[in-house]
Number of protein chains: 2
Amino acid sequence: MKRKPSTEATSAWIRLMRVQSRVLDCVEQDLKKAGFPPLAWYDALLELSRAPSGELRPVELERQMLIPQYSTSRLIDRLVDEGLASRRECKIDKRGQFVEITEAGRELQKRMWGAYSAAIEKYVGSKLSDADAVKLCGLLDRLGCSCGEMKLPPVANVNETSPSR
Amino acid sequence: MKRKPSTEATSAWIRLMRVQSRVLDCVEQDLKKAGFPPLAWYDALLELSRAPSGELRPVELERQMLIPQYSTSRLIDRLVDEGLASRRECKIDKRGQFVEITEAGRELQKRMWGAYSAAIEKYVGSKLSDADAVKLCGLLDRLGCSCGEMKLPPVANVNETSPSR
DNA sequence: TCAAGATTGATGCAGCTGCATCAAATGGGG
DNA sequence: CCCCATTTGATGCAGCTGCATCAATCTTGA
């Protein structure tokens, strides 16, 4: 439990931290320069738009996005303030509520995907062959599992237009 | 400039974001549970302790840590408040100053490395063979370069006890 | 020499995060 | 049926980040 990490492991750790932060910065900057809100908004709008009826319980959103409860609560506040979503009461459970995406929200999500996908291509896709991208996924997945005991039922939450970090 | 990323690239992007954030969370939590301050403090103390005379210009620290100027300025405030570093004026350039690590700072850095290295081993080292760690480094490095035109003179900022994210 | 620009560092402000806590509603066991 | 634990969501507080800006000093070039 106190063994030292190899220099290889330490290097990998440092690369993981530095590269992720740099690539994320680049993507966020591109989005911001295009006049869009932060990525977290996109993620939330995507989850909502994917929901069959365009609405989710905050607690569902929280689980999808892997962010804490208070963070979800305040993110919803902001989306509602901007007219991208609306809160609706939940009749069968008066503690809860539903968050429903608005038309403006759906539209923003689609427009953001244009800039977002371009940024992914620019900072990731263009630097790695598909085969290498697959290798990278495999290596990263080995780190990701059993860290905080996540249960992501459909492990690959990724299809056509669905980056949801 | 508007080509869509492959699903492989998109997957890699998502993994990079999610895995990094989970692993970082885990490591930070372990440090916090051991009663230590955030990793950024460690990074700063490490850079200072490595400097030949135990002191650096804030602007140097900034470049080493790849964080913005105001962030450096306030991090130094906190280190000084906690007695881990001290500010000294720079006689030859009255705009500037030197930040010098204190004995308490050096000691904290060493104690943190115990917990930090254990966490790296736990969340990275133990999940990856050295060969795989090297592969991961290689793939990540392909993403990292030419993103924001960094110039890290000695590319490998990593030797014995020196994780400096 | 001196004015314009660059460099160095600090700070006010707004927004976001984590933490702790709170209130309301639900649900289950005795 | 009722009390208590659990679930759901909101919020006050402190700390941190990014942005813009400021002040002081240094450097350069005409």
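As the structure is a prediction and not an experimental result, all values here were calculated from the model. Residue numbers begin at 1 in each chain, while the letters A, B, ... track the order of the sequences.
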Less than 4.0 angstrom between a side-chain N/O of B:Tyr70 and OP1 or OP2 of D:dG18, yes or no? yes

Heavy-atom closest pair, residues B:Leu48 and B:Ala85: CD1-CB, 4.4 Å

If you check the B:Asp93 side chain, which of C:dG9, C:dT26, D:dT25 turns out closest? D:dT25

Could you tell me the separation between the CG atom of B:Leu61 and the P atom of C:dA10, rounded to a whole number of Å? 12 Å

Can you find a side chain N or O atom of B:Lys32 that sits less than 4.0 Å from OP1 or OP2 on C:dG18? no

Record whether the side chain of A:Arg95 comes under 3.5 Å of the base of D:dT7 through a donor-acceptor pair of N or O atoms. yes

Closest listed nucleotide, where the reference is the side chain of B:Gln29 and the choices are C:dC19, C:dT17, C:dG9: C:dC19

For the residue pair B:Ile14 and B:Thr10, establish whether any side-chain heavy-atom pair is separated by less than 4.5 Å. yes

If you assign B:Ser71 and B:Ile92 each to the DNA chain D nucleotide with the nearest heavy atom, which residue ends up on the more 5' nucleotide? B:Ser71

Whole Å only: how far is the CD atom of B:Glu62 from the P atom of D:dT17? 14 Å

Atom-to-atom span, CD1 of B:Ile76 to C1' of C:dA10 - whole angstrom: 11 Å

For B:Ser73 and C:dG9, is the shortest distance between a side-chain N/O and OP1 or OP2 below 4.0 Å? no

Between the side-chain atoms of B:Arg74 and the base atoms of D:dG18, is any donor-acceptor pair under 3.5 Å? yes

A:Gln97 side-chain N/O to D:dA10 phosphate OP1/OP2 under 4.0 Å: yes

Write down the distance between CD1 (B:Ile67) and P (C:dT8), rounded to a whole number of angstrom. 16 Å

Can you check the B:Lys94 NZ to D:dT27 C1' distance for me, whole Å? 16 Å

Using a 6.0 Å distance limit plus a 45 degree cone around the ring axis, check whether B:Arg57 lies over the aromatic ring of B:Phe98. yes

Atom CG of B:Asp77 and atom C1' of D:dT17: how far apart are they, to the nearest Å? 14 Å

With a non-hydrogen cut-off below 4.0 angstrom, is A:Arg57 in contact with a base, only sugar-phosphate, or nothing? sugar-phosphate

Determine the interplanar angle of the A:Trp113 and A:Tyr42 rings, folded into 0 to 90°, and report it as parallel if under 30°, tilted if 30 to 60°, perpendicular if over 60°. parallel

Kindly determine whether A:Tyr116 and A:Asp30 satisfy side chain to side chain donor-acceptor pair (under 3.5 Å), including the steps that lead there. CA-CA 8 Å; A:Tyr116 188 13; A:Asp30 278 16; over 6 Å; no

Could you state the CZ-C1' distance from B:Arg63 to C:dT8, rounded to the nearest angstrom? 10 Å

Between D:dT11 atom P and A:Arg78 atom CZ, what is the distance in whole Å? 13 Å

